[in-house]
Amino acid sequence: MTARTLAADPAAAYPGYLECLEEADEYAAVEVATALLAAGVPAERVLLELVAPAQAEVGERWARNEWSVAQEHAATHISERVVAAVAAYADPRPTRGRIVVACMDGEWHALPARLVAEVLRLRGWQVTFLGASVPAAHLVSYLHRYDAHAVALACALPMRLPYAHRMIEACRRSDVPVLVGGRGFGDDGRWARLLGVPWAPAAPAAADLVADERALHAVPPARLDHLADDEYASLVKRRGELIDSALADLRERVPAVRDYTPAQLDSTVSDLGYIVDFLAAALYVDDETLFTEFTEWLVEILTSRHVPARAVGLTLDHYGQQLRDFPRAGGFLERARVLVAGSGAKPTQ
Ligand code: B12
């Protein structure tokens, strides 16, 4: 390690640790973490007060376009190495039942779930970490083979909530109590409450929850009566057609799109898809904030990459016209359109 001083407190070590991520220096990053452990800082604090906030900061820097995707990937790889090093150093032995920790199908944010898994392990549970994007059928067959005290499901992106719900239901049919966590359920867990599933805001709360039999087995009913209007299911069926027509509309109204490189076209198609997927998830939980918060985020990301965010307003208009017979979707799109217009990204040329 360089001239960096090794601190004995996570807050003091944090700036140096971030520097290690910035320089993609994994040996130095591991050394910062192990120095804290050697100085007597509990492993749980190293994970939650050093690794977790640094990862969140990595995301902010990526979002502001200060860090490339490659820098973000390098930093995430280092965080994974550090988590492994902390886990090896602490080396706890299980004294309690088995908890299965898994990410929802299509969910690649495995590191937050891994942090939760390690904290549960440090608290004496025997943890099986299944990692990113676990298909529901595989998870269920795993649960049938091993006797689990509970299964903890992670979801970082709200657009995955409809899948999350299916996965929760599938686990319950195997008679295993489910708890959930991750940013995808909303900062305050409001979408977990709506789906009728116990939620924990962070790893220590997850550890408290699995130890609380009553809270773990409480299954308030899901509040999804609004799905009877079929808007969610119909929107999902029309996904491909909506993306194709939105791209054609952009080509017509924004001349620059006609000259896009294949890579630019790819990311435009992805963004058009995310708009449909977040809209569908908002319909699923009947909460416009899921969609408006996403739209604000998208405008911010595009603006920081010098992509004309005005295109978002045009696409919201276009989807609004295509979905004239969808009153709930129309309302969400209109609210988002007003927000986008207010952000300075005017929907008209
Ligand atoms: C690393 C990262 C990735 C990596 C993940 C690699 C990995 N092995 O994990 C990769 C490159 C795969 C990735 C991909 C994407 N990402 Co990303 N990613 C991140 C990043 C930078 C860090 C995630 C992290 O580790 N956070 C640190 C953890 C500790 O924080 P946390 O999530 O809040 O976790 C705590 C609690 O929420 C809770 N918790 C979390 N999970 C669970 C689970 C359970 C069961 C429980 C009980 C509790 C719990 O406990 C944790 C610790 O206390 C975040 C930024 C951020 N601010 O988090 C973006 C972020 C989550 N990603 C984002 C996006 C948009 C994407 C992509 C769509 C990007 C793209 N265009 O391709 C894809 C989607 C991939 C997919 N389908 O899943 C956005 C989401 C925005 C939104 N509006 O939803 C974020 C917020 C970045 C940003 N600032 O815009 N990403």
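On a predicted model such as this, the values are computed, not experimentally measured, just so you know. This chain uses plain numbering: 1 for the first residue, then up along the sequence.
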Salt bridge (Lys or Arg N to Asp or Glu O under 4.0 Å), that's the test. Do Glu60 and Arg64 meet it? Break it down for me.
CA-CA 6 Å; Glu60 299 317 314; Arg64 292 196 298 265; 5.1 Å; no
Donor-acceptor pair, side chain of Asp25 and main chain of Ala28, under 3.5 angstrom:
yes
Provide the closest heavy-atom pair for Gly182 versus Trp199 in the form atom of the first, atom of the second, distance.
O-NE1, 4.2 Å
For Glu118 and Ala87, work out which heavy atoms get closest and say how close.
OE1-CB, 3.5 Å
Side chains of Ile275 and Phe291, heavy atoms from C-beta outward: is any pair under 4.5 Å?
yes
Taking atom CG of Asp147 as the centre, does the number of heavy atoms from other residues, nucleotides or ligands within less than 6.0 Å exceed 12?
no
Taking the side chain from Arg45 and the backbone from Pro10, do they hold a donor-acceptor pair closer than 3.5 Å?
no
Dump the intermediate steps for salt bridge (Lys or Arg N to Asp or Glu O under 4.0 Å) on Arg183 and Asp187, then the final yes or no.
CA-CA 6 Å; Arg183 292 160 177 258; Asp187 294 345; over 6 Å; no
Salt bridge (charged side-chain N to carboxylate O under 4.0 Å, His left out) with Glu72: which residues, sequence neighbours excluded?
none
With no hydrogens and no angle check, just 3.5 Å: does a side-chain donor-acceptor pair link Thr289 and Arg190?
yes
Whether the side chain of Arg160 engages the backbone of Asp105 through a donor-acceptor N/O pair (distance < 3.5 Å, no angle test) should be reported.
yes
Would you check if the side chain of His226 reaches a backbone N or O of Tyr284 as a donor-acceptor pair within less than 3.5 Å?
yes
Check for me, please, whether Phe129 and Trp125 land in the same ILVMFWY cluster - side-chain distances under 4.5 Å, paths through other members count.
yes
Are Glu252 and Val257 side-chain neighbours, meaning at least one heavy-atom pair lies under 4.5 Å?
no
Would you call Arg123 and Glu44 a salt bridge, using N to O less than 4.0 angstrom?
yes
Arg166 vs Leu161 side-chain heavy atoms within contact, under 4.5 Å:
no
Partner residues of Arg93 under the side-chain hydrogen bond (donor to acceptor under 3.5 Å, both in side chains) criterion, sequence neighbours left out
Asp91
Minimum heavy-atom separation for Leu37 and Pro42, please, with both atom names.
CD2-C, 4.4 Å
Any side-chain to backbone donor/acceptor pair from His73 onto Val69? Under 3.5 Å, distance only.
yes
Do side-chain atoms of Arg98 reach the backbone of His149 as a donor and acceptor pair under 3.5 angstrom?
no
Answer with yes or no whether the side chains of Glu107 and Ser133 bring together a donor and an acceptor at under 3.5 Å.
no
With side chain to side chain contact (heavy atoms under 4.5 Å, CB included) as the test, would you mind laying out the steps for Leu195 and Leu224 before giving the verdict?
CA-CA 8 Å; Leu195 299 179; Leu224 295 170; 4.2 Å; yes
Cation-pi geometry met for Arg305 and Trp62 (6.0 Å, 45°):
yes
Begin from the C-alpha positions of Leu265 and Leu247 and carry the test side chain to side chain contact (heavy atoms under 4.5 Å, CB included) through to its verdict.
CA-CA 9 Å; Leu265 265 185; Leu247 186 61; 4.1 Å; yes
Geometric cation-pi criterion, Arg335 with Phe332: 6.0 Å, 45°:
no
Give a yes or no answer on whether the side chain of Arg121 reaches the backbone of Val127 with a donor-acceptor pair at less than 3.5 Å.
yes
Hey, are the side chains of Val32 and Val82 touching, using non-hydrogen atoms and a 4.5 Å cut-off?
no
Heavy atoms of Thr295 and Ala336 approach each other most closely as OG1-CB, 3.6 Å
Main-chain N/O of Ser304 paired with Asn65 side-chain donor or acceptor, under 3.5 Å
yes
